[in-house]
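Structure, as structure tokens:
Each chain gets a letter, A, B and so on, in the order the sequences are listed, and its residues count up from 1.
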Amino acid sequence: MVIDPKPVVTLLTDFGIQDSYVGQMKGIILGINPAVTLVDITHSIAAHDIRQGAFTIFTAWQAFPPGTIHLCVVDPGVGSDRRGLIIEKDRHFFVGPDNGLFSFLLEFSDGKRSSASLYSIGRQGTAARASSTTFHGRDIFAPTAARLSLGAAVSSFGPEVVDWVQLRIPLPKQLGESIKGEVIHVDGFGNLITNITGDTLRGFRNCGIRVGQSLHISGISETYSDVSARSPLAYWGSAGFLELALREGNLARAFDLAVGCEIILVREGGDGCG
Amino acid sequence: MVIDPKPVVTLLTDFGIQDSYVGQMKGIILGINPAVTLVDITHSIAAHDIRQGAFTIFTAWQAFPPGTIHLCVVDPGVGSDRRGLIIEKDRHFFVGPDNGLFSFLLEFSDGKRSSASLYSIGRQGTAARASSTTFHGRDIFAPTAARLSLGAAVSSFGPEVVDWVQLRIPLPKQLGESIKGEVIHVDGFGNLITNITGDTLRGFRNCGIRVGQSLHISGISETYSDVSARSPLAYWGSAGFLELALREGNLARAFDLAVGCEIILVREGGDGCG
Amino acid sequence: MVIDPKPVVTLLTDFGIQDSYVGQMKGIILGINPAVTLVDITHSIAAHDIRQGAFTIFTAWQAFPPGTIHLCVVDPGVGSDRRGLIIEKDRHFFVGPDNGLFSFLLEFSDGKRSSASLYSIGRQGTAARASSTTFHGRDIFAPTAARLSLGAAVSSFGPEVVDWVQLRIPLPKQLGESIKGEVIHVDGFGNLITNITGDTLRGFRNCGIRVGQSLHISGISETYSDVSARSPLAYWGSAGFLELALREGNLARAFDLAVGCEIILVREGGDGCG
């Protein structure tokens with residue numbers, strides 16, 4: 001395919017922002033292709049938290065133009081024999097370790113299993129300098145992303161593969177008249193992103209939502225200002241999932257809620273909705 | 001007006017750096033105009049803190065070249081009927097919610113009320129995709145900024161407006177022989193930025209400064225090295241306001257001072273200067 | 001020398017990410033040369049921590065292409081008579097205060113004292129606007145970096161100099177059969193970077209490592225996966241120093257270790273290796 005002369009390369013890591021690790025990756029990329037536009041998604045994924053990285057990639061990529069290359073490194077197994085991957089999907093490219101980091105991306109696409117092509121990264125993916133055993137982000141994945149941005153074929157790095165490491169992604173369950181979901185992400189505002197999609201809730205137009213012992217929400221709002229300040233609400237979030245928030249407040253902190261907390265939805269007036 | 005072929009778009013939000021929200025806005029902008037240069041001002045404005053956002057925009061914009069577009073999103077009222085604004089001022093453009101976020105910019109310009117033109121953002125400001133009700137930063141403001149960067153006329157997004165939401169900005173008060181001001185910002189070094197400008201202090205060449213019960217500073221220094229290490233000092237800060245600092249230390253932490261703290265200035269030797 | 005038409009300017013400061021200080025520097029640079037590619041190394045150097053800044057620059061610069069300009073501002077002495085410096089080394093340029101910030105760069109280059117040229121920055125380095133006394137990052141160093149990126153000669157800013165402020169960099173010491181080193185950096189993962197290089201350990205192929213009372217490591221591993229999860233290991237890090245880590249954990253936190261901690265290496269089986 002034809003590559004944009006000024007392609008976008010996004011970066012997502014758990015490297016933090018205090019060290020030079022991210023800068024080193026960018027230096028390597030710019031040495032190979034000075035024309036790229038570099039965009040940070042985040043470097044504040046919790047150390048080694050593949051699930052959080054996987055969710056964050058999933059929320060970000062569709063905002064970028066076709067041809068974008070997404071360099072994703074949350075890599076606790078660096079230096080082991082875990083594989084490196086290039087994924088091509090909907091004219092976007094993803095580069096990173098095969099450890100589950102692309103699970104949401106590959107499994108959670110508009111409800112249907114997505115049509116993606118996967119290639120493993122072999123030795124030709126490495127930079128001219130000898131590869132370190134602890135920093136493949138710089139020595140293998142960054143050069144791979146940079147070469148893709150110059151138009152290298154995805155198949156030139158290694159053979160196509162058909163399997164990949166898949167995280168267990170919790171799916172909502174129907175239990176009689178209620179649906180049991182869970183919190184899959186807490187954002188910086190303290191909003192809770194759940195695993196409940198519009199498909200899940202078909203036939204649940206009006207519903208009550210219960211989280212833990214003390215939080216009850218009645219109905220799904222359009223937006224924050226539908227409720228009064230400091231009140232909790234549920235709404236369809238910008239990533240397509242049901243979200244829970246405290247208007248102008250921090251719901252996770254106020255109710256001590258975190259990733260993994262159970263969410264129960266019931267038809268309004270049905271059993272179990274306090 | 002003629003737009004730079006490679007215009008600068010700055011971003012200031014309260015989105016934090018752990019989620020993909022900022023990345024999503026950048027992806028949308030690059031999809032509309034791949035030639036922009038994106039510059040983060042900050043994404044660490046405290047959640048929903050319009051005043052802090054307003055101050056920070058004010059300190060930043062004049063460092064950028066004419067033609068720069070400043071995308072500013074601190075937006076607790078997203079989804080309500082609060083208006084979106086484009087402001088043109090001194091050949092810079094500002095895009096964001098009409099909630100007070102541009103208060104310092106519009107009120108605090110070299111002592112004179114500034115000559116700015118304001119336009120509301122109508123439905124044509126939205127992206128091709130359906131707008132979310134909770135993420136106008138991505139779905140309305142980012143596309144507006146991107147189209148401005150391509151040369152769209154400010155008047156093409158909506159009608160000119162003459163009023164706007166204005167925060168109460170605390171102004172210093174003269175009280176007999178003394179001036180009462182307050183801390184309007186605490187920076188990352190723990191330096192206190194006050195609302196006292198050179199105009200306020202005309203005729204106060206030598207003055208004593210008192211903050212709270214325990215902090216007394218005599219006179220205004222040129223720079224940090226005028227006092228010994230760990231000593232407090234006052235000086236004219238890089239944003240044009242009187243600032244207080246602890247040389248090689250953190251004044252806010254050492255004296256437990258925060259935004260809103262009262263500052264009393266007296267002519268040296270006058271009443272009230274301990 | 002010929003300058004790249006789209007040169008890279010990296011930025012490293014202790015300004016933090018909550019204020020607009022870094023944005024202001026970038027605005028000034030883009031006003032002088034809109035074609036630069038700006039890359040943040042970090043802005044999270046601890047306030048006034050010259051040593052941490054010096055180490056971080058040292059780990060970053062070689063990943064960038066020749067012609068890169070590194071703008072480095074950790075500057076507790078701003079406004080005093082401390083000198084500004086431009087350093088040219090291996091076709092890279094460094095701009096910042098002469099306070100020890102370039103110590104690792106200048107002293108620690110492949111074991112040999114490096115061939116760098118140094119120039120002081122005189123008044124012609126200042127921007128058109130009057131220079132502040134507290135923000136030379138914006139008013140002196142950023143314009144200097146931008147003009148270098150346009151091809152200005154290093155000698156055009158001020159005279160060549162042959163001395164510079166040098167931090168004491170702790171070097172490892174041989175003590176009979178053992179080597180005494182120390183921790184010179186703790187990264188965001190809690191990994192400990194020591195001052196021990198491959199040269200130091202010549203003849204120490206198999207060695208035991210002791211840190212404090214409770215941490216003993218036997219031998220140097222290739223990579224994290226050579227040990228089981230939550231086990232400590234030593235390995236040659238991506239910056240060329242011996243590093244200590246806890247696989248999939250945070251060693252600094254687990255063992256309460258910090259910069260300055262002593263590391264003892266002994267030949268395996270020799271005295272002092274518990």
Handout entry: Straight-line distance of W61(A) CH2 to S20(B) OG, nearest 0.5 Å
Key = 13.0 Å
Handout entry: Heavy-atom pair of closest approach, residues Q24(B) and A63(A)
Key = O-CB, 3.5 Å
Fill in the blank from the handout: Distance col, row T134(B):OG1 vs W236(A):CH2, nearest 0.5 angstrom, shows 12.5 Å
Problem - Top contributor to chain A contacts, counting heavy-atom pairs under 4.5 Å, from G16(B), G77(B), S80(B) - result: S80(B)
Practice task
Spell out, as yes or no, whether a donor-acceptor pair under 3.5 Å connects the side chain of D19(B) to the backbone of D187(A).
Solution key: no
Exercise for the section: Let me know if I57(A) has heavy atoms under 4.5 Å from chain B in its side chain, its backbone, both or neither. Expected result: neither
Exercise for the section: Might you confirm whether atom CD of E222(A) has over 12 heavy atoms from other residues, nucleotides or ligands at distances under 6.0 Å? Expected result: no
Completion exercise
G23(B) and I41(A) have their tightest heavy-atom pair at CA-CD1, 4.2 Å
Practice task
Verify the neighbour count for atom CG of D256(B): are there more than 12 heavy atoms of other residues, nucleotides or ligands below 6.0 Å?
Solution key: no
Completion exercise
Output for pair (L38(B) CG, T37(A) OG1), nearest 0.5 Å, gives 8.0 Å
Practice task
Examine distances only and state if a side-chain atom of T223(A) and a backbone atom of V78(B) form a donor-acceptor pair shorter than 3.5 Å.
Solution key: yes
Practice task
Give, as side chain, backbone, both or neither, the part of D14(B) having an atom under 4.5 angstrom from any heavy atom of chain A.
Solution key: both
Problem - P76(B) vs E248(A) side-chain heavy atoms within contact, under 4.5 Å - result: yes
Problem - Side-chain heavy atoms of Q52(A) within contact of Q18(B), under 4.5 Å - result: yes
Problem - Which atom of G27(B) lies closest to which atom of P65(A), heavy atoms considered - result: O-CD, 3.7 Å
Practice task
Give me the ring orientation class for Y21(B) and F189(A): parallel if the planes are under 30° apart, tilted from 30 to 60°, perpendicular past 60°.
Solution key: tilted
